[in-house]
Amino acid sequence: MAIKNVVVAGGSGALGTPIVNELVKSGFNVTVLSREGSTTTQPAGTTVKHVDYKSVDSLKAAIAGQDAVVSVLGSFAIPEQIPLAQAAFAPGSTIKRFIPSEFGVNTRKTPGSAIGKILGAKTQLVDFLTEEANKNPNFKWTGISNGHFFDWGLSRGLFGLDREKRTAKIYDSGNERFQASNLPFVAKAVSAVLQKADTPDDKTANQYFEIASFTPTQNEVLAAAEELTGGDKWTVNRVSSAEVQKVAEDKLSKGDYSVFVDLLSVWQYADGAGHAPNLADPALGNNILGLGHQDVKESVAAWLKE
Ligand SMILES: NC(=O)c1ccc[n+]([C@@H]2O[C@H](COP(=O)([O-])OP(=O)(O)OC[C@H]3O[C@@H](n4cnc5c(N)ncnc54)[C@H](OP(=O)(O)O)[C@@H]3O)[C@@H](O)[C@H]2O)c1
C-alpha cells in the first residue's frame, strides 16, 4: 500500500467509528483528530490528536508526516473542513489523498434543488478540492456518495418503518429504487480507496463516485419486514412526495432546516426521482473497488433482531 498513515477527522462519530475500525483492521496506522475539549470516546487502536478546526496551523501540525486525510466530520461541522483541506494542500504537506465528509446522496447532482441549499457546504468543499487538485498534481481527493445509511437509519426510524407498531410510511407508489448502504460497507469502501490510492491500479484519484449496499424500493423493504415478522401486512401510511416537498420548501424558505429528512426522502423515494445507481454499472464504486453488494433482506432481519 502506498498510503500507510491515515488521519481520520471525526473518527469518534457514527460513521467515523466503523471507518477507523476498518482502517486499523486493514493495517493502516490511524490517527484520529478530535476537537479540543471534546469528551467523545475515541475508537481503540489509534493515536488521538486534539485540534482547533478553525486554525490551519493547528491542523497542519496534526497532519504533518501523514499520507491521507479522511474527514468524517458531522453534518454541523461540514464548513470546518475548509481549513482542514487548506492544511492538507499547504506547501510541504505530505498528504496525497483527501476524502471529504460526503457520505450521503450525490451532492454533485443537488445544486439548484431545495436539498442542495442545505448541502451547499459539501458541494463547496468538493469544488474547492477539484480546483486545488488541478493546481497541484501531488494532491488528490476522492468523494464517496453512499445514499442513506441503511442500518443506522432503520434503527432511528428514518425510513418510516416502525417494527413495534408494524407501520410503514410510503412515498407515492413506493416503487422507486433508492441508494442505501450499511455503515460497515461504507467503511470498506473508504479502506479500499486508500489501499488503491497512489498505486498503478488507482481509478479513484480526483473522482466522485457512488456506492450502494443495495438499491431497494420502499415496497421491497416493507415486504421483507412483513415476511420476517410472520407474513401479516403492516399498516401503510401513504404520503405524496409533491405535497411533502411543497411544505418542506415553504419551511426552508423561512429558514427552517429541520426539513432536511423530508427533502431527502422525496429526493430518494419520489416516483421518477431516478437517483438510485445501477449496481451493474462498471463506473459504480462497488465495481471499481471490488466491493460487491449486500442483501437487503439480511439487513432488515438484523434490524428486526436488534
Ligand atoms: N447518508 C446518511 O444517511 C447520513 C446520515 C448521517 C450522517 N451522514 C453524513 O456522514 C458524515 C459523518 O456524519 P456522522 O453522523 O458520522 O457524524 P457525527 O457522528 O455527527 O460527528 C462526527 C464527529 O465530528 C466531530 N465534530 C467536529 N466538529 C463538530 C461540531 N461542530 N459538531 C459536532 N461534531 C463535530 C465530533 O468528534 P469529536 O467530538 O471527537 O471532535 C463527532 O464525533 C457527514 O458528512 C454526514 O452528513 C450521512
Side-chain angles (χ1 to χ4, degrees), residues 7-22 30-44 46-55 58-59 62 69-85 98-110 115-116 118-126 129 142-160 178-187 189-190 208 210-215 257 260-265 267-269 275-277 285 299 303:
V7 170
V8 181
S12 57
L15 177 59
T17 302
I19 286 181
V20 169
N21 292 339
E22 184 65 32
V30 181
T31 299
V32 174
L33 302 189
S34 177
R35 287 169 292 178
E36 282 165 358
S38 169
T39 53
T40 48
T41 308
Q42 304 298 334
T46 62
T47 304
V48 179
K49 288 191 180 167
H50 290 279
V51 292
D52 174 0
Y53 282 111
K54 293 192 175 12
S55 158
S58 160
L59 293 160
V69 172
V70 180
S71 172
V72 209
L73 289 178
S75 303
F76 296 111
I78 297 301
E80 304 199 2
Q81 294 178 101
I82 295 274
L84 183 59
F98 190 102
I99 299 182
S101 192
E102 280 288 312
F103 304 119
V105 295
N106 183 340
T107 60
R108 298 284 89 194
K109 294 178 178 169
T110 53
I115 199 170
I118 301 178
L119 294 170
K122 287 191 170 186
T123 309
Q124 198 189 348
L125 179 70
V126 175
L129 295 173
T142 303
I144 301 173
S145 154
N146 45 249
H148 288 326
F149 289 171
F150 192 73
D151 44 0
W152 183 91
L154 273 179
S155 301
R156 284 159 184 76
L158 293 179
F159 300 124
F178 65 95
Q179 180 192 13
S181 302
N182 291 321
L183 296 183
F185 186 83
V186 181
V190 169
Y208 187 101
E210 298 177 348
I211 60 167
S213 284
F214 24 65
T215 57
Y257 281 62
F260 180 66
V261 173
D262 289 337
L263 291 171
L264 190 61
S265 301
W267 181 265
Q268 291 256 61
Y269 308 141
H275 293 132
S299 299
W303 165 62

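In listed order, ligands and their atoms are each counted from 1.
Taking every heavy atom of Gly147 and a limit of under 4.0 angstrom, the matching atoms of ligand 1 come to 1 (N), 2 (C). Below 4.0 Å from some heavy atom of Gly13 lie the following atoms of ligand 1, by number and element: 19 (O), 22 (C), 43 (O). For ligand 1 and Asn146, the ligand atoms under 4.0 Å from any heavy atom of the residue are 1 (N). Within ligand 1, counting atoms from 1 as listed, the ones closer than 4.0 Å to a heavy atom of Thr40 are 38 (P), 39 (O), 40 (O). Atoms of ligand 1 lying under 4.0 Å from at least one heavy atom of Leu15, given by number and element, are 16 (O). Counting atoms of ligand 1 from 1 in the listed order, those under 4.0 Å from a heavy atom of Gln42 are 40 (O). Residue contact check: Ser34 has heavy atoms under 4.0 Å from atoms 38 (P), 40 (O), 41 (O) of ligand 1. Residue Leu73 approaches ligand 1 through these ligand atoms, each under 4.0 Å from one of its heavy atoms: 11 (C), 12 (C), 24 (O), 25 (C), 26 (N), 27 (C), 44 (C), 45 (O).
Gln179 contributes no side-chain N or O that, together with a main-chain N or O of Val105, makes up a donor-acceptor pair within less than 3.5 Å. A donor-acceptor pair is defined here as one N or O able to donate and one able to accept, closer than 3.5 Å; such a pair exists between the side chain of Ser265 and the backbone of Val261. Side-chain atoms of Asn146 do not come within 3.5 Å of backbone N or O of Glu210 as any donor-acceptor pair. In this structure, Ser71 contributes its side chain and Pro100 its backbone to no donor-acceptor pair below 3.5 Å.
Between Gly10 and ligand 1, no pair of N/O atoms sits closer than 3.5 Å. Between Gly104 and ligand 1, no pair of N/O atoms sits closer than 3.5 Å.
Take Thr17 and apply the side chain to side chain contact (heavy atoms under 4.5 Å, CB included) test, not counting sequence neighbours, and it matches Asn21, Pro43.
The shortest side-chain heavy-atom distance between Val69 and Leu84 falls under the 4.5 Å cut-off. The shortest side-chain heavy-atom distance between Leu119 and Phe260 falls under the 4.5 Å cut-off.
Nearest to atom 18 (P) of ligand 1 among the protein's heavy atoms is Gly74 CA, 3.8 Å. Looking only at heavy atoms of the protein, atom 46 (C) of ligand 1 is closest to Ser75 OG, 3.3 Å. Protein heavy atom closest to atom 32 (N) of ligand 1, with residue, atom name and distance, is Arg35 NH1, 3.4 Å.
For Thr123 against Arg108, the heavy-atom pair with the smallest separation is O-NH2, 3.1 Å. Annotation for Leu264 and His148: closest pair CG-CE1, 3.7 Å, computed over non-hydrogen atoms.
Distances shorter than 4.0 angstrom occur between a heavy atom of Ile78 and an atom of ligand 1. Within the structure, ligand 1 lacks Thr39 among the residues with a heavy atom less than 4.0 angstrom away. The closest approach between Ser12 and ligand 1 falls below 4.0 Å for a heavy atom of the residue.
Side chain to side chain, Thr40 and Gln42 meet the donor-acceptor criterion of an N or O pair below 3.5 Å. Judged by distance alone, the side chains of Gln81 and Ser101 never bring a donor and an acceptor atom under 3.5 Å apart.
The residue from Ala9, Ala14, Ser38 that puts a heavy atom closest to atom 39 (O) of ligand 1 is Ser38. The heavy atom nearest to atom 2 (C) of ligand 1, out of those in Phe149, Phe150, Phe260, is found in Phe149. Of the candidates Ser181, Gly37, Ser101, it is Ser101 that places a heavy atom closest to atom 11 (C) of ligand 1.
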- Task: Check step by step if ring pair (Phe, Tyr, Trp, His ring centres under 6.0 Å) holds for Phe214 and Phe150.
- Result: CA-CA 9 Å; Phe214 24 65; Phe150 192 73; 4.8 Å; yes
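Of all the heavy atoms of Lys122, the ones lying under 4.0 Å from any atom of ligand 1 belong exclusively to the side chain.
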